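Below: the structure, in structure tokens.
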Amino acid sequence: MTMTAPYDILITGATLLTMEASQPFISVGGIAIKDGLIADVGPAEKFTPRQARITIEANNQIVMPGLVNAHTHAAMTLFRGFTDDIPLEPWLNKVWQLEMRFATPENVRKGSRLAFIEMIRAGVTTAADMYWHAEATTQAALEVGLRLVNGVGIIDTVGNEGRQNKEEPTRRFIETYLNHPTVHPCVQVHSTYTVTTDSLRLADRLAQEYHLPLITHASETRTEVQTLLNRTGKTPIGYLDALGMLHPGTVLVHCVHLQEGEVELLARKGVAVIHCPESNLKLGSGIAPVPALLKNGVVLGLGTDGAASNNDLDLWGEMRTAALLHKGVTEDPTALTALEALHMATLGGAKALGLDTLIGSLEVGKRADVITISLDSIHLTPRYDIASLLVYAAKGGDVRNVIIDGKLVLHEGKLLTVDEEQAKEEVRQIAVEIAAFSPDDTTRFI
Ligand SMILES: CSC[C@H]1O[C@@H](n2cnc3c(O)ncnc32)[C@H](O)[C@@H]1O
Ligand SMILES: [Zn+2]
């Protein structure tokens, strides 16, 4: 007689970092996964190895919720290192010339696939993407096995997009994925400086109609704020407010140059903010007032932004940078603690994207997005405080296992879904053409 194992996957012998407020750590425990869900979590005594089809013995490993990269432009791996060490506006003017030529659906799929492999290898289980050809990015996520928040990227001043109808493709994407288990539609507009008032209004209307997050870049640079002030007499935040677009569900990426009263305004309106510290530093944009946003109760997520402005997609580095940066600028080592950085990279990001009932913590009934981190390395020895170890010493390469929606995607360091060598080779081939292209310095899009 064959007995069916009660669980699909069982992880035993690990230290659990649940990210649950009531019980954030369990010293030696296990987690059981069944039908895509977390079926049980708890101390070791609860589990015996033969209870599952796959058992992962995770002694000297940490088990925690998968990381949420709450803002990225995945396909921009294609342009990683193409143009560095210049400010955002001339950078965008170059990047947009590249994108008009090379961001074809097929290239976007290949560039995104490379990005998603990089992310999964570093423990990211969910990414929120904003790019051209949303369907191509989505296909890449489905192939690699990553959970994706995505929508049609509305932008009016680049390419022929300005003349095109935004409503129909946005609705089509939303309706295709509304009840999908791993693709979560959202509405997204690039920014107040590249999108018409009509498109901003349309985006807000669609977000409200479908009860979806509305994501946009805001107040990333001093120049952006000045551009909006010159055009409208309002800052980007003030402009969005005047349009009634600041409300729960609105997600603002960057928020580096907030003006007086804007932190409090965002808190009052229930707006979430995504912090992308490494991209902001590399473009010389500045430093977002994260400690003030935290103090005022704003929901915060953490993002890498794209690989052309970061230039990697490692959220461990992002947590560490965030924690160190805010201690440094405020001259206060408590400004952003290790646990707060971990929260931003897990439950905070999930909450910002409206997914906290599904993911972000290890809780029975949530979707099983789970990672294990090996503590065997020199740089993770010895061990006192887990949050400290993870934020101040761990690296993406320490991730051993990744489970997304109950499926094992990375097993003991081996990616199970796609051929990594082929993924790299395909992007190298596209890069040969990109390397031969010379964008000019003319400002034409902003
Ligand atoms: C409509 S597709 C998204 C669009 O955003 C561009 N982008 C990449 N990084 C940034 C950034 O830091 N600020 C503003 N816009 C950015 C990307 O190149 C695509 O064109
Ligand atoms: Zn961005």
Side-chain angles (χ1 to χ4, degrees), residues 69-80 82-84 86-105 107-108 111-112 115 127-138 149-162 164 166 169-170 173 186-196 199-200 203 214-225 227-228 236 251-257 273-286 288 301-311 313 318 434 439 444-446:
N69 186 349
H71 181 70
T72 190
H73 308 274
M76 295 188 83
T77 52
L78 296 173
F79 312 125
R80 186 187 338 244
F82 186 93
T83 173
D84 294 322
I86 56 173
L88 177 75
E89 290 75 18
W91 180 86
L92 279 175
N93 272 302
K94 286 199 168 143
V95 160
W96 282 330
Q97 292 174 60
L98 288 170
E99 289 177 346
M100 279 190 284
R101 182 123 173 197
F102 298 106
T104 61
N107 287 352
V108 167
S112 301
D129 199 67
M130 181 198 280
Y131 209 58
W132 312 97
H133 308 300
E135 191 52 50
T137 311
T138 304
V149 176
N150 200 11
V152 169
I154 299 176
I155 182 164
D156 292 323
T157 61
V158 181
N160 293 325
E161 294 286 310
Q164 286 174 11
K166 312 290 179 331
T170 305
F173 186 88
C186 66
V187 179
Q188 42 197 357
V189 281
H190 179 262
S191 69
T192 52
Y193 60 94
T194 51
V195 175
T196 63
S199 293
L200 288 167
L214 171 69
I215 305 177
T216 189
H217 295 112
S219 299
E220 181 175 0
T221 64
R222 199 178 291 284
T223 307
E224 172 189 335
V225 174
T227 302
L228 247 282
V251 183
L252 302 183
V253 181
H254 298 307
C255 291
V256 172
H257 290 276
V273 170
I274 309 302
H275 182 37
C276 302
E278 292 190 355
S279 172
N280 296 154
L281 288 173
K282 181 158 176 288
L283 291 163
S285 303
L302 199 60
T304 57
D305 222 353
S309 63
N310 186 303
N311 289 5
L313 302 172
E318 217 67 39
I434 295 173
R444 56 180 102 173
F445 303 110
I446 300 176

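Counting starts at 1 for both ligands and their atoms, in listed order. Model, not experiment: these values are computed from the prediction.
The ring-ring contact (aromatic ring centres under 6.0 Å, His included) check on His257 picks up nothing, with sequence neighbours excluded. Scanning for side chain to side chain contact (heavy atoms under 4.5 Å, CB included) contacts around Ala128 gives Val149, Leu353, with sequence neighbours left out.
Sorted by chain and number, the residues within 4.0 Å of ligand 1 by heavy atom are His73, Met76, Leu88, Trp91, Leu92, Val95, Trp96, Glu99, Met130, Tyr131, Trp132, Gly153, Ile155, His190, Tyr193, His217, Glu220, His254, Asp305.
Aromatic ring centres of His190 and Trp132: separated by at least 6.0 Å. In this structure, His275 has its ring center no closer than 6.0 Å to that of His254.
The side-chain contact (heavy atoms from CB on, under 4.5 Å) test with His71 singles out one residue from Leu302, Ile274, Val251, Thr304, and that residue is Ile274. Considering Glu318, Lys282, His73, Arg80 as possible partners of Asn310, the one that fulfils the side-chain hydrogen bond (donor to acceptor under 3.5 Å, both in side chains) test is Glu318.
The count of protein N, O or S atoms under 2.8 Å from the Zn ion (ligand 2) stands at 4, with waters excluded from the count.
Defined by atom type and a distance below 3.5 Å, a donor-acceptor pair is present between the side-chain atoms of Ser279 and Asp305. A donor-acceptor contact closer than 3.5 angstrom is absent between the side chains of Asn150 and Thr137.
Between Cys276 and Val253, the closest side-chain pair of non-hydrogen atoms falls below 4.5 Å.
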